[in-house]
Q: 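Just dropping this structure here.
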Amino acid sequence: MPWDEGLVNSLVYDRPDPREGRVISYVQAINEALALALEHEPDVFVLGQGVDDPSAMFGTTKGLQTRFGPARVFDTPLSEEGMMGVSTGAAMNGMRPVFMHNRPDFVLLAFNQLVTHAAKFHFMDNGETTVPMVVWAAIGRGWGSGAQHSQAIQGMLLGVPGLKIVMPSTPYDAKGLLLSAILDDNPVCVFEHRWLMRKDGVVPEGIYRVPIGKGICRREGRDITIVGASHAIELGLQAAKLLADEGIDAEVIDLRTVKPMDEEIVLASLRKTGRIVAVDTAWKKGGVCAEIGCLAAEKGYASLKAPVARVGLPDIPTPAGYTLEQFYYPGADQIAEAARRLVRPDHVI
Amino acid sequence: MPWDEGLVNSLVYDRPDPREGRVISYVQAINEALALALEHEPDVFVLGQGVDDPSAMFGTTKGLQTRFGPARVFDTPLSEEGMMGVSTGAAMNGMRPVFMHNRPDFVLLAFNQLVTHAAKFHFMDNGETTVPMVVWAAIGRGWGSGAQHSQAIQGMLLGVPGLKIVMPSTPYDAKGLLLSAILDDNPVCVFEHRWLMRKDGVVPEGIYRVPIGKGICRREGRDITIVGASHAIELGLQAAKLLADEGIDAEVIDLRTVKPMDEEIVLASLRKTGRIVAVDTAWKKGGVCAEIGCLAAEKGYASLKAPVARVGLPDIPTPAGYTLEQFYYPGADQIAEAARRLVRPDHVI
Amino acid sequence: MLRIRRVEEEIERRYNQDQMKTPIHLVIGQEATAVGCCAALRESDLLYCSHRTHGVYLAKGGDLRAMLCEMHCRVNGCAGSRGGSMHLIDKRVGMAGTSAIVGGAVPIAVGAALAAAMKAEGRVVAVFLGDATVEEGVTSESLNFAALKRLPVIFFCENNFYSVQSPLSTRQPARVIHEWAATYGIAAVAVDGVNVLAVQSATADAVERARTGGGPTFIEAPVYRFRAHGGAGDDSHTGYRDVAEREAWEQVCPIRLFDEYLQDTGILNASAVEAMEQGIAAEIDDAFAFALASPDPTEEDLYRHVYAPDPTR
Amino acid sequence: MLRIRRVEEEIERRYNQDQMKTPIHLVIGQEATAVGCCAALRESDLLYCSHRTHGVYLAKGGDLRAMLCEMHCRVNGCAGSRGGSMHLIDKRVGMAGTSAIVGGAVPIAVGAALAAAMKAEGRVVAVFLGDATVEEGVTSESLNFAALKRLPVIFFCENNFYSVQSPLSTRQPARVIHEWAATYGIAAVAVDGVNVLAVQSATADAVERARTGGGPTFIEAPVYRFRAHGGAGDDSHTGYRDVAEREAWEQVCPIRLFDEYLQDTGILNASAVEAMEQGIAAEIDDAFAFALASPDPTEEDLYRHVYAPDPTR
Ligand SMILES: Cc1ncc(C[n+]2csc(CCOP(=O)(O)OP(=O)(O)O)c2C)c(N)n1
Ligand SMILES: Cc1ncc(C[n+]2csc(CCOP(=O)(O)OP(=O)(O)O)c2C)c(N)n1
Ligand SMILES: [Mg+2]
Ligand SMILES: [Mg+2]
């Protein structure tokens with residue numbers, strides 16, 4: 001097994017309780033969502049580089065072409081901008097494309113079509129056109145691929161009107177949010193995280209939808225709010241455990257969708273705890289962390305008992321090497337430390 | 001004269017005092033910076049769609065090709081991504097390209113080269129390569145061009161490590177910051193604003209540099225800080241005048257560069273006033289407004305006497321029609337109103 | 001063609017009155033491409049284009065009143081005053097979408113053709129693009145995919161030799177555009193862009209090919225715009241092109257050529273033309289009056305259609 | 001070629017020991033293109049490429065120790081452990097830059113050629129690209145600009161018929177890649193990619209053309225990678241390509257072909273080859289040992305070179 005696959009496999013997650021329902025992996029949950037959408041929605045099709053190849057987009061598209069045929073599940077040329085436009089045009093004309101990318105970096109080639117076309121046509125056409133499409137991509141971490149293959153771009157897209165951005169953190173959400181994204185009549189970016197893909201979880205069979213634009217409380221707490229989405233929430237929950245050992249009771253809010261952002265759930269938690277750490281898988285400058293932090297100071301000011309803190313990537317391109325990556329990526333420790341400083345300002349490390 | 005040109009010409013700005021020095025327009029200041037750079041730096045060249053045509057990129061490139069020849073000032077094919085790569089490659093090999101765009105929207109076609117290549121090579125090459133290039137674009141407003149020709153993209157780029165982003169607000173800065181950008185050894189985006197282009201100002205002759213990464217206080221005040229860059233500062237100063245009439249003393253901080261951001265000047269002002277309105281020419285969600293607001297709550301929390309406020313574009317694509325534009329774009333009134341609410345929370349409109 | 005010409009002349013005449021607060025890109029001189037192409041399409045076929053919208057919008061059957069309302073920024077404009085002149089649409093007649101980004105509409109049209117093929121609707125999609133649009137990488141990507149999947153799409157390239165004020169020679173090496181397109185395995189032809197019947201017939205061949213599963217066609221049509229790239233009036237005096245060049249092209253005005261042909265062959269006579277002119281003039285008067293009397297949008301209109309509503313609710 | 005082959009075989013052999021925590025893209029089977037091309041270039045000429053870096057890096061004269069240090073994530077790697085295997089550079093010998101983004105290096109190489117032309121350095125720039133790279137619009141844009149300005153650049157297209165595990169037929173219509181390139185007014189040729197002398201000679205022609213102001217050349221060379229797209233070992237068994245197809249190509253292994261030629265013509269004999277093998281083996285042992293003994297980067301290293309310092313300070 002290549003070292004990076006091994007790394008993902010070696011990550012340890014809480015084991016779900018099988019008495020609560022059927023347990024499958026995150027990758028299987030995505031695969032199931034795609035299969036159900038293809039089965040029940042004749043207008044859905046899945047495209048992307050290698051969706052029909054043996055590695056099947058991290059396994060998420062496994063078996064789909066065999067089952068639904070090459071007209072509905074197909075490989076594409078290496079033409080990200082062109083194929084984003086093709087997806088947009090198909091979506092404008094009655095189809096529901098799901099355009100999958102190995103890395104968010106490749107979506108940058110298609111920003112013109114995504115940002116200036118797909119996101120804007122419904123508005124520009126005075127509501128006459130809808131653009132029901134999904135742009136899916138997997139954020140990398142610890143795969144040694146460096147600055148050009150490890151970007152997380154949710155922050156860049158946060159300000160784009162007309163887009164929705166979904167970032168699941170559990171197998172349940174991966175399936176339910178992807179189904180919602182596919183059934184939504186707007187362009188929805190679904191950003192997955194490579195390090196969540198081997199996580200198992202309880203996932204119901206059949207179609208269900210997790211609503212876009214609504215967050216969820218993953219852990220109740222009184223002292224501080226940790227808020228973010230995707231793999232940052234996994235780390236946030238680990239941090240909450242560390243903090244619990246020290247008597248700090250952290251609440252963990254999973255936004256599930258970063259755009260539209262569920263402001264109310266953040267503000268409600270802040271009213272309770274008075275303190276907030278914004279966490280994200282991307283750079284902390286600009287982007288999701290900044291939006292959450294600003295929101296807290298803008299609409300939650302009266303509740304704030306301490307400065308806001310953010311934990312994300314430093315303002316540095318992603319290094320390729322393994323050792324440098326260890327210094328680069330924040331983990332649960334960094335989140336816990338940020339929380340500690342807010343709850344116990346006199347605390348010295 | 002076309003109506004949109006007429007509109008820009010009809011904007012009223014403070015008249016500079018000619019006793020303070022030579023008065024020229026904003027466009028002339030840019031033209032002069034380009035001419036000086038071409039004259040004194042043999043490695044500088046200027047490229048972009050129509051830089052040599054009669055309209056000369058809003059007049060900013062007027063006469064340059066005649067003076068410096070078609071090898072150093074030239075028109076390009078309609079290939080934004082390709083020409084961004086060409087600029088990057090030339091910059092990596094001893095040249096200093098200035099790549100000019102009519103609209104920031106067109107830079108979106110080249111995000112892959114700008115974000116994933118130009119901004120990252122110096123880091124990826126372990127410092128062995130420098131990428132001294134300028135990407136220049138003019139943000140539109142009120143020109144009826146709608147959602148696809150009016151985007152301001154500084155917020156999208158704020159999180160990109162390795163980039164610098166400059167947004168001048170005066171003719172003096174337009175020249176001095178552009179010269180700094182051209183002489184800088186990193187990729188620098190210079191975003192101008194269409195509505196500043198007919199503004200006059202006192203501008204020294206010859207080469208001078210306005211430092212990148214340093215803000216400036218445009219107006220001292222005790223009660224509230226208005227902070228931003230580019231045309232938003234013009235509006236901020238107008239708002240400060242309105243507020244002064246009501247006895248509210250606003251300080252106006254011009255960031256000049258939004259990345260790297262001069263955090264200290266913002267925090268120092270906040271320590272004095274305790275209140276802050278972040279203003280930007282782009283969308284207020286995500287982006288520059290969010291970064292400023294978050295910064296205030298993160299590092300300026302102890303000074304904050306009121307919620308932070310932001311004034312930027314609503315989360316809506318830019319409409320094309322004139323009437324809708326009036327509802328869409330914030331003006332000095334909106335900034336003043338935001339300030340009023342913070343200084344006098346009991347104030348009712 | 002005459003109708004398009006007269007509409008644009010009236011737009012041009014009134015433009016500097018500043019009541020149409022919208023950029024304009026006139027097609028005066030280029031009417032034969034729009035009309036010839038659309039004559040070969042069915043109403044249910046789709047048409048996409050770029051910023052230069054007026055000709056194809058009207059040729060495809062777009063509503064003149066709705067167009068002028070859009071250009072006057074009225075709420076009942078064809079895009080509710082949200083799209084502007086670069087974004088004229090009329091879905092009812094297959095005027096499906098435009099992009100103000102050069103090349104932006106090209107892959108979208110291919111996507112529309114993919115949808116048509118998937119839904120087996122027998123629909124053909126045409127997309128207008130300029131000579132400069134060929135320089136955008138996405139055009140190559142679009143040709144490649146359309147050829148690969150043999151999609152029912154027609155790439156209609158109006159080669160007017162300029163991009164804004166930049167001549168072809170500063171943007172492309174000397175080569176023949178449609179020969180380039182042919183290397184994608186696409187049927188590629190050149191047609192005289194001022195001859196409406198030739199355009200119609202070339203397009204009809206392409207439509208036939210597309211409808212019978214023969215895949216895409218690339219049509220290159222040399223044409224010339226008699227006016228500036230944008231705005232009212234010509235701008236040749238600014239020096240980027242020769243006035244003589246324009247004057248030479250004016251000699252092959254597509255409308256005069258067709259008029260001569262029709263009158264020579266006896267299909268039309270002077271009084272029929274006169275009747276046409278009167279009908280058009282009346283229609284134009286009505287449409288301008290209608291637009292000017294139409295209401296402006298309100299602030300509430302701004303907030304509409306940012307997101308499409310959840311279809312399940 | 002032999003050296004490249006042996007280096008990669010050793011990398012492959014050790015890869016699953018997990019000490020090289022970096023993705024790899026082996027060129028085993030494709031050595032003749034890198035070597036033949038670089039043999040026609042001067043050290044001061046520049047070379048750019050994409051993710052598949054090992055062959056060109058070594059052929060251009062890149063330092064083996066620095067390469068293996070980079071692959072072992074050591075601070076003295078050729079990119080300081082910041083670039084990884086997809087970003088091997090050695091500026092000293094003109095290994096100028098690579099991009100992990102397919103097509104990313106193509107316009108950059110054209111820009112380097114523009115700089116060379118502007119500075120009149122007599123320098124030639126070559127860029128390696130794969131068959132799939134042709135599908136990226138930016139490649140078209142790059143060809144167009146290079147042709148327009150007649151820049152001294154060589155587009156070297158290694159057509160190995162696959163992009164990761166996707167065959168050409170799912171990505172491009174049936175057509176001949178270099179014929180497409182020719183329509184940009186670029187000299188375009190095909191050359192047998194497993195024949196190192198043929199590659200060298202085709203490149204030499206292109207270099208001559210570039211150096212004498214004749215502009216760019218596009219060279220298409222059919223080749224085959226014997227291993228998986230990435231990682232160690234072959235992956236034909238997963239079913240995306242025929243094992244028989246690979247085996248047929250292995251019959252035309254560029255190294256064996258050249259070895260046979262050299263021995264047939266008496267230029268080389270078995271003992272000379274054996275001496276070569278020994279020299280290479282020793283060098284490889286040394287370089288791996290050096291890499292493994294080299295220090296890891298520290299946290300401070302991470303913060304370096306985000307921005308270049310102000311040159312005036
Ligand atoms: C991506 C992009 N780059 C630049 C522009 C500015 N622009 C608008 S129209 C135009 C000319 C396009 O020329 P062509 O495609 O030949 O069409 P024509 O105007 O001649 O009909 C340009 C450069 C744009 N709208 N989009
Ligand atoms: C823009 C972009 N899209 C997708 C990828 C993923 N990717 C990496 S290598 C590769 C295959 C490229 O094929 P080709 O250009 O033929 O080169 P080869 O690997 O065959 O040498 C792909 C698709 C990428 N790196 N960049
Ligand atoms: Mg043109
Ligand atoms: Mg290949």
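Lettering follows sequence order; numbering is per chain, from 1.
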Q: Give, as side chain, backbone, both or neither, the part of D:A112 having an atom under 4.5 angstrom from any heavy atom of chain B.
A: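 For D:A112, backbone and side chain are both near chain B.
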
Q: Do D:K119 and B:M95 have side-chain heavy atoms sitting under 4.5 Å apart?
A: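 Yes; the side chains approach each other to less than 4.5 Å.
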
Q: How long is the gap from CD1 on D:I108 to OG on B:S87, to the nearest 0.5 Å?
A: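 The distance works out to 10.5 Å.
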
Q: Tell me, side chain or backbone of D:T98 under 4.5 Å from chain B's heavy atoms, or both, or neither?
A: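 For D:T98, the backbone is the part near chain B, not the side chain.
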
Q: Out of B:G94, B:P132, B:P161, B:G85, which one racks up the most heavy-atom pairs below 4.5 Å with chain D?
A: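 It is B:G85.
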
Q: If we only count heavy atoms from C-beta on, is the D:P107 to B:M84 side-chain gap below 4.5 Å?
A: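 No. Closest side-chain heavy atoms not under 4.5 Å.
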
Q: Quick check: closest heavy atoms across B:A71 and D:M118, and the distance to 0.1 Å?
A: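 Answer, listing the atom of B:A71 first, then D:M118: O-CE, 3.0 Å.
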
Q: Does either side chain, that of B:D125 or that of D:H87, offer a donor lying less than 3.5 Å from an acceptor on the other one?
A: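 Yes, side-chain donor-acceptor contact under 3.5 Å.
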
Q: Which of the residues B:N186, B:T88, B:N93 is involved in the greatest number of heavy-atom pairs with chain D at under 4.5 angstrom?
A: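 So the answer, after comparing B:N186, B:T88, B:N93, is B:N186.
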
Q: For chain B, find which of D:G77, D:G80, D:A79 contributes the most heavy-atom pairs closer than 4.5 angstrom.
A: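 The residue among D:G77, D:G80, D:A79 with the greatest pair count is D:A79.
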
Q: Quick check for you: to the nearest 0.5 Å, what is the distance between B:T129 atom OG1 and D:H305 atom NE2?
A: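 Here the interatomic distance stands at 10.5 Å.
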
Q: Closest heavy-atom contact between D:L302 and B:F123?
A: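 Smallest interatomic distance, heavy atoms only, reads O-CE1, 3.5 Å.
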
Q: Which atom names give the shortest non-hydrogen contact between D:A308 and B:T130, and what distance separates them?
A: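 Closest approach of D:A308 to B:T130, heavy atoms only: CB-CG2, 3.8 Å.
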
Q: Between D:L148 and chain B, which part of the residue has a heavy atom less than 4.5 Å away: side chain, backbone, both or neither?
A: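 Interface part for D:L148: side chain.
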
Q: With rounding to the nearest 0.5 angstrom, report the CG to NZ distance, B:N126 to D:K91.
A: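 The CG atom of B:N126 sits 11.0 Å away from the NZ atom of D:K91.
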
Q: Highest number of heavy-atom pairs under 4.5 Å with chain D: which of B:N112, B:V131, B:T116?
A: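 Of B:N112, B:V131, B:T116, B:N112 has the most heavy-atom pairs under 4.5 Å with chain D.
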
Q: Of all heavy-atom pairs between D:G104 and B:H117, which one has the smallest distance, and what is that distance?
A: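 Minimum heavy-atom separation between D:G104 and B:H117: CA-NE2, 3.4 Å.
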
Q: Among B:M83, B:R72, B:E80, who wins on heavy-atom pairs under 4.5 Å with chain D?
A: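 Top count of heavy-atom pairs under 4.5 Å with chain D: B:M83.
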
Q: So what's closer than 4.5 Å to chain D heavy atoms on B:H122: side chain, backbone, both or neither?
A: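 Interface part for B:H122: both.
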
Q: Which region of B:E81, side chain (C-beta onward) or backbone (N, CA, C, O), has a non-hydrogen atom less than 4.5 Å from a non-hydrogen atom of chain D, or is it both or neither?
A: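 When you check distances to chain D, atoms from both the backbone and side chain of B:E81 fall under 4.5 Å.
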
Q: Can you tell me if D:R209 has over 12 outside heavy atoms packed within less than 6.0 Å of its CZ?
A: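 Buried by this count: over 12 neighbours within 6.0 Å.
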
Q: For B:L163, does its backbone N or O pair with a side-chain atom of D:Y307 as donor and acceptor, under 3.5 Å?
A: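 Checking the backbone N and O of B:L163 against the side chain of D:Y307, a donor-acceptor pair under 3.5 Å is found.
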
Q: So, taking the atom named CZ in D:R82 and the one named NZ in B:K120, what distance separates them when rounded to the nearest 0.5 Å?
A: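 NZ of B:K120 is found 13.0 Å from CZ of D:R82.
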
